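In what follows, a structure is listed as structure tokens, so that the remarks can point back to it.
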Amino acid sequence: MAEHPQLRSVLQKVITFDNVSKIFDGEHVAVDQLSGTVEEGQLVVLIGPSGCGKTTTLQMVNRLVEPTSGTIYVNDQDHSTFDPVKLRRTMGYVIQEIGLFPHMTVGQNITVVADLEGWDRDKKEERARDLIDMVGMDPDIYLQRYPRELSGGQQQRIGVLRALAVDPDILLMDEPFGALDPLTRDQLQDELADLQERVKKTILFVTHDMDEALKMGDGIMMMQEGRLLQFDTPEEILKDPNNQFIAEFIGAERMILSPLDVPVKEVMLNNVPEMKQNDSLETCLRAMQDADSDYVSVVDDRGKLVGMMSADSLQEMVDDRGRDSAVGEAPLNSTRVEQRDNIMEAVHLLVETDSDVIAVVDKGKRPVGTFTRGSLPQILTEKIWPRDAAATHNAAEESEVEDSQ
Amino acid sequence: MIGEIAFIFGWYEGIVSFMQLVVDQQDQLITALRGHMMLVAVPVGCAVLVAIPVGIIATRNRYVEFLAIGFANIMQTVPSLALIALMIPLGMGIGRRPAYVALFLYAILPILRNTYAGISGVDAGLKKAARGMGMTDFQVLKKIELPLAAPVIMAGLRTATVIIIGTAVLAAYVGGGGLGSFIMTGLGLVRDQLILLGAIPSALLALLTDFVLGRVEEWVTPEGLKV
């Protein structure tokens, strides 16, 4: 298994599979010696064809299925030592069948685990209102309704909220959007990504849809016949699939053929300080010095990007209006790209707007970094003529590199 | 014309004399009605206590499922009169006791079958979600399976009760009393009106019970299943 820098631990290891196997009825091997670690705050996708053991793997985490051998660690503790019922209450669970209880109102459904945990009425009501508001549904209209009165998409939104109700650290999602029509699925994927940016849960997500895996995953566990074939970032899997089966599963049209097909995220700078609109210019200058950055990004109350400003124009503003005026009043550069966009798009934008920098934002429009003209040489050296490519890439690419040198 | 008048008059006569019979037999009628209701309430009550738990266990255990459903099915195939009469050679003697036991055995199947069907009919996805969210097996039963199966279980209880109201008439053959005693005497004396004195109240009782239990069934149906 190729360890990718982004999956390497700086954070807490939340779910660790250590040589986990599941054999049903003594003969049918569903999961075969699976090992791997899901880090805190990551969304890891389990993907593979039907019967590859992805759902069994997921259900072993909340002990709906007990491993035949091997150990699963949750927060570095052997999870077979926990009481299964208590363990499950610390993990949200969303399934393809949605599974909203038809005899309970939407509000009761959302707070069903809170109810098991003995929350009082007011606290439950408040939590339900907050959550349903988060997905843009009116609490006054929807909390009293019954699941049957909702559309499939609305039902699964509630399914996701129900899993979040007691604020678990871990979310287990078993093909959550598999039963929805493509449009609704796309919309719920976006909403989950947006939600994830805010709540940063550790999510294990089962799907058989490669597009969904590439879109949602920070990491992808590729499975076949119970074995884990590859565990990598989506970019790495696309660029460098471990074997023929994975390459076929990905499909030729999605394979990354050009080295320039990388998302902005991989080359952006992320040392840019984030300022509120009413912060003073003085504060901004100091923050830039501290972060050793030539830029600041300015956000609104909800953390969404308003625009960026360079050190030079900030200095001009200071000369113009004094150090105490608010940065929100300054002319800001609001050009931006999404972090998963292709770097070529960012390059085009730089050229088009004739600027030195553009902001990089996540799905929720929150700033995550910058893409500057200064990034271009770096892209050229690292992505097009990688010096140590020979060590990691396959023979074909190796000879190409030699040719170009 | 005269024939028609005589016919209508005959009917009128009949009704008047039937009313007279009701008034004359008032005390016996009330006793018989009360006895009949006991012949229904005791066996059905006991059947509920046995069949609902066994029905629930049958959804969780294959052996219980096989034995219980099989046993109840066999009981149901024995003709009701034979089942009641069989109680005497089986050492139950005569009187209410053999009637209670036979009617109890007879009431089990509809309740057991509906409990089993109601619980196992609850969507597998719901049970998976409930367990996966951290409900204990008992909580899954109490909060999910029983509320959702309640209308089906109630329908079984309703069927059993109405069947037993009819079948309890046969209790009179083993000296169990109830409205069947009028019918048996009426048959023996060839007096139609005595037969009706047993038949009409038991039919009315069945209709009324069916109506009331139908209402209860509606009442136990969760709000969310109605919309």
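Keep in mind that what you see is a predicted model, and the values were worked out from it rather than measured. Computed from heavy atoms alone, side chains included, the values below leave out hydrogens, waters and symmetry copies.
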Do Lys143(B) and Val112(A) make a side-chain contact, defined as non-hydrogen atoms from C-beta onward lying under 4.5 Å apart? no
So with a 6.0 Å cut-off around CZ of Phe66(B), is the heavy-atom count from everything else above 12? no
Below 4.5 Å, heavy-atom pairs only: which of Gln96(A), Arg162(A), Met91(A) has the largest tally toward chain B? Arg162(A)
If you define the side chain from C-beta out and look only at heavy atoms, does anything of Thr105(A) sit under 4.5 Å from Glu223(B)? no
So which heavy atom on Ala129(B) is nearest to which on Gly99(A), and how close? CB-O, 3.8 Å
Just wondering, are more than 12 heavy atoms of other shown residues or ligands nearer than 6.0 Å to CZ in Arg34(B)? no
Can you establish whether the number of heavy atoms outside Lys200(A) located under 6.0 Å from its atom NZ is more than 12? yes
Do the non-hydrogen side-chain atoms of Tyr93(A) and Lys128(B) ever get within less than 4.5 Å of each other? yes
Do you know the tightest heavy-atom contact between Gly134(B) and Arg89(A)? O-NE, 2.7 Å
Given that the side chain runs from C-beta out, which part of Leu87(A) has a heavy atom under 4.5 Å from chain B: side chain, backbone, both or neither? neither
Find out whether Glu97(A) and Leu126(B) are in side-chain contact, i.e. whether some heavy atom of one side chain is under 4.5 Å from a heavy atom of the other. no
Reported CE-to-CD1 distance for the pair Met133(B) and Ile95(A), which is rounded to 0.5 angstrom: 9.0 Å
If one checks every heavy atom of Asn109(A) against chain B at 4.5 Å, the contacting part turns out to be neither
Cut-off 4.5 Å, heavy atoms of chain B, and the answer for Glu117(A) is neither
Can you establish whether the number of heavy atoms outside Met37(B) located under 6.0 Å from its atom CE is more than 12? no
To check you understand the geometry: which heavy-atom pair defines the closest contact between Leu225(B) and Pro102(A), and what is its length? CD2-CB, 3.7 Å
Would you say that Arg88(A) contacts Arg131(B) through its side chain, given a criterion of any heavy-atom pair below 4.5 Å between the two side chains? yes
What part of Leu116(A) is in contact with chain B, defined as an atom under 4.5 angstrom from a non-hydrogen atom: side chain, backbone, both or neither? side chain
So for Ile144(B), is it side chain, backbone, both, or neither that comes closer than 4.5 Å to the heavy atoms of chain A? both
Let me know if Val113(A) has heavy atoms under 4.5 Å from chain B in its side chain, its backbone, both or neither. side chain
From the list Thr136(B), Asp123(B), Leu148(B), Thr221(B), the residue making the most non-hydrogen contacts under 4.5 Å with chain A is Leu148(B)
So what's closer than 4.5 Å to chain A heavy atoms on Ala130(B): side chain, backbone, both or neither? both
Is it true that atom CD1 of Ile94(B) has more than 12 heavy atoms of other residues, nucleotides or ligands lying nearer than 6.0 Å? no
